[in-house]
Amino acid sequence: MGIKGLTALLSENAPGAMREQKFTSYLDRRVAIDASMHIYQFMIAVGRTGEQTLTNEAGEVTSHLQGMLMRTSRMLEAGIKPVYVFDGKPPTMKGGELAKRKDKREEAEAALKAAREAGNQEEVEKLSKRTVRVSKEQSMEVMKLAQLLGIPAFEAPCEAEATCAAMCKAGLVWAVGTEDMDTLTFAAPRVARNLMAPKSAEKPVLEFDYEKTIAGLGLTADQFIDLCILCGCDYTDTIRGVGPKTALKLIKEHGSIEKILEAIDTEKYPPPKDWEFAGARELFKNPEVMDVSGINLSWKAPDEEGLVEFLVKEKQFQEDRVRGVCARIRKARQGAASQNRLESFFGPPKIISSTIGKRKVEETKSGKGSKAGLNKKSKGVSGYKSKKT
DNA sequence: AATCTGTCTCAAGACGGC
DNA sequence: AAATCTTGAGACAGATT
DNA sequence: GCCGTCC
């Protein structure tokens, strides 16, 4: 569940760390993306009527593939360069949280069965969304799809978000595109939300800057991790009676969880029994991540025949749709290669902020060196809009 | 009276033709 | 031995200061 | 913009 209440806390206490961006400003940006959340969304939403989803003749679900194909092509056409990262084994400390989720799912499964028997169609649809599971095989199918589309894809050793953050720290990508605020706790320099919001919604991308986050809160990196643990994370429970606001106050006052425990009345604010906050801290501070040194990311042309083999022959996609997507991607790639100023495709030049042009030049100058972004302070910081609740 | 926490509920895509 | 692992936001009641 | 369709 990420970090409870962190977004609200930041918008009140570190608004300067948040900045709204246009979707089009991600032109030519490399972005690391945790694939698992997307897969879940597609399994839940794509082609669903009642308990029905998209399937091939054999009855295998294909919703995740349809969703990923469309979303990925949209990103590529927008000039975004995605890197997909898949979850590995969950850390053992997540066991408690996972057990809770399992209980809830089983509860929903029981209710679903009852609703089916009662013939309550509406209830069946609602509950079946809550019982969705993603198998390893389905994840691997999405990975295969990404690779056929020419996109780098990796399986992380552990939490995908941690490896995404590591890629961003290493300068392999400009930002991590996610809705999960854990990523900021893993100290990803830049986190982008709403990156995939539907075109129609025109929701702006919300960008979080890590350095500005901790500076805005007035905390050190270690203290920020302690704050996140106190707010509530996936790895351990929290002190009863202490939520985000009190947590921030206490951390600023005392500096660390150890000191807080010494200072507060633990009768009134009982910490969890055998509280393993130090273990959680370690998971955030030194997570198990992929070795990203020496990785050379590249975005290749789609393997059209491979896609036809996989999606058409095996999964019964319509061939002209698949070939159509390939054509659109190829066209976008050609445009990017031949045009230095792709932004002219997106509207009159005068509307485009000059920072985009500048950045574009900087990046092309730096060539395909793997460190686009890290050592570059973004310039247009002045124009952020604060958001009130 | 105002603030904060804990719990429970919900919702989660995208294209193209009209 | 076999099978797994995604999330945020808002409403609201009740406790606390 | 709404709605049927994607597999």
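A, B, ... follow the sequence lines: proteins, then strands. Residue 1 opens every chain.
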- [ ] To the nearest 0.5 angstrom, please state how far the CZ atom of A:R105 sits from the CG atom of A:L98.
- [x]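 Rounded to the nearest 0.5 Å, the CZ-CG separation comes out at 9.0 Å.
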TODO: Please tell me which of A:G241 and A:L54 maps to the more 5' nucleotide of DNA chain B, matching each residue to the nucleotide holding its nearest heavy atom.
DONE: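 Mapping each residue to its closest nucleotide by heavy atoms, the 5'-most match is A:G241.
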Task: Whichever of A:I44 and A:R328 has its nearest DNA chain B nucleotide further upstream toward 5' - done: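 The residue whose closest nucleotide sits nearer the 5' end is A:I44.
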Which listed nucleotide ([options]) is nearest to the side chain of [X]?
| X | options | value |
| --- | --- | --- |
| A:F42 | C:dT7, D:dC7, B:dG13 | B:dG13 |
| A:M37 | C:dT7, B:dC15, D:dC7 | C:dT7 |
| A:R240 | B:dA14, B:dT7, C:dT7 | B:dT7 |
| A:R321 | D:dC6, C:dT7, C:dT4 | D:dC6 |
| A:R71 | C:dT6, D:dC7, B:dA14 | B:dA14 |
| A:K136 | C:dA9, C:dC5, B:dC15 | C:dC5 |

Base, sugar-phosphate, or nothing for [X], non-hydrogen atoms under 4.0 angstrom?
| X | answer |
| --- | --- |
| A:G88 | base |
| A:D234 | sugar-phosphate |
| A:V61 | nothing |
| A:T62 | sugar-phosphate |
| A:L69 | nothing |
| A:G47 | base |
| A:S135 | nothing |
| A:Q318 | sugar-phosphate |

Open item on the list: Is it the case that the ring center of A:F186 lies less than 6.0 angstrom away from the ring center of A:F284?
Closed with: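 Yes.
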Open item on the list: Under a 3.5 Å cutoff, is there a donor and acceptor pairing between the side chains of A:D180 and A:T178?
Closed with: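 There is no such pair (donor and acceptor under 3.5 Å, judged by atom type) between the side chains of A:D180 and A:T178.
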Open item on the list: Please determine whether side-chain hydrogen bond (donor to acceptor under 3.5 Å, both in side chains) holds for the pair A:E282 and A:Y235, giving the CA-CA distance in whole Å, both sets of side-chain angles, and the decisive distance to 0.1 Å.
Closed with: CA-CA 11 Å; A:E282 190 58 21; A:Y235 304 137; over 6 Å; no
Task: Range-with-range stems of DNA chain B (Watson-Crick or G-U pairs under 3.5 Å, three or more in a row) - done: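 Stem list for DNA chain B: B:1-12 with C:6-17, B:13-15 with D:4-6.
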On a whole-Å scale, what distance lies between the [atom1] atoms belonging to [N] and [M]?
| N | M | atom1 | answer |
| --- | --- | --- | --- |
| D:dC6 | B:dC10 | P | 31 Å |
| B:dG17 | C:dT6 | C1' | 34 Å |
| D:dC7 | B:dA12 | P | 22 Å |

Distance test, side-chain N/O of [X] to OP1/OP2 of [N], below 4.0 Å:
| X | N | result |
| --- | --- | --- |
| A:S36 | C:dT7 | no |
| A:K245 | B:dC4 | yes |
| A:R48 | B:dG13 | no |

- [ ] Round to the nearest Å and state the distance from A:Y40 atom OH to B:dG13 atom P.
- [x]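 Taking atom P of B:dG13 as the reference, OH of A:Y40 is at 16 Å.
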Open item on the list: Can you measure A:Q138 atom CD to D:dC7 atom C1' for me and round it to whole angstrom units?
Closed with: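 A:Q138 atom CD is separated from D:dC7 atom C1' by 14 Å.
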Between [X] (side chain) and [Y] (backbone), is there a donor-acceptor pair under 3.5 Å?
| X | Y | result |
| --- | --- | --- |
| A:D234 | A:E97 | no |
| A:R190 | A:W174 | yes |
| A:R48 | A:S63 | no |
| A:S11 | A:A8 | yes |

TODO: Show your working on side chain to side chain contact (heavy atoms under 4.5 Å, CB included) between A:M70 and A:R321 and close with a plain yes or no.
DONE: CA-CA 10 Å; A:M70 289 309 167; A:R321 276 181 172 270; 3.9 Å; yes
Open item on the list: Is it the case that D:dC6 (base atoms only) and A:Q66 (side chain only) share a donor and an acceptor within less than 3.5 Å, ignoring hydrogens and angles?
Closed with: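 Yes, a donor-acceptor pair under 3.5 Å.
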Open item on the list: Does the structure show a Watson-Crick or G-U wobble partner for C:dA3, both distances under 3.5 Å? Name it, or say none.
Closed with: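 Pairing partner, where one exists within any strand: none, as none qualifies.
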Task: Connected via hydrophobic side-chain network under 4.5 Å: A:M43 and A:L127 - done: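 In one cluster: no.
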Open item on the list: Contact list please: residues 261-286 of chain A against DNA chain C, heavy atoms, distance less than 4.0 Å, in numerical order.
Closed with: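 Going residue by residue through residues 261-286 of chain A, the ones with a heavy atom under 4.0 Å of DNA chain C turn out to be A:K268, A:Y269.
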TODO: Name every residue in residues 96-132 of chain A that has at least one heavy atom under 4.0 Å from any atom of DNA chain C, in order of residue number, or write none if there are no such residues.
DONE: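 Contacting residues: A:L98, A:R101, A:R105.
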Task: Aromatic ring pairing A:Y84/A:F86, orientation class (parallel under 30°, perpendicular over 60°, tilted between) - done: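 Aromatic pair A:Y84/A:F86 classed perpendicular.
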TODO: Answer yes or no: are there more than 12 heavy-atom neighbours, outside A:K315 itself, under 6.0 Å from its atom NZ?
DONE: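 Check passes, neighbour count above 12.
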- [ ] Please name the residue in the list A:I229, A:I257, A:T266, A:L261 that meets the side chain to side chain contact (heavy atoms under 4.5 Å, CB included) test with A:I239.
- [x]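 It is A:L261; the other options fail the test.
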Open item on the list: With a 4.5 Å cut-off on side-chain heavy atoms, are A:I33 and A:M196 touching?
Closed with: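 Side chain of A:M196 against side chain of A:I33, heavy atoms only: contact under 4.5 Å found.
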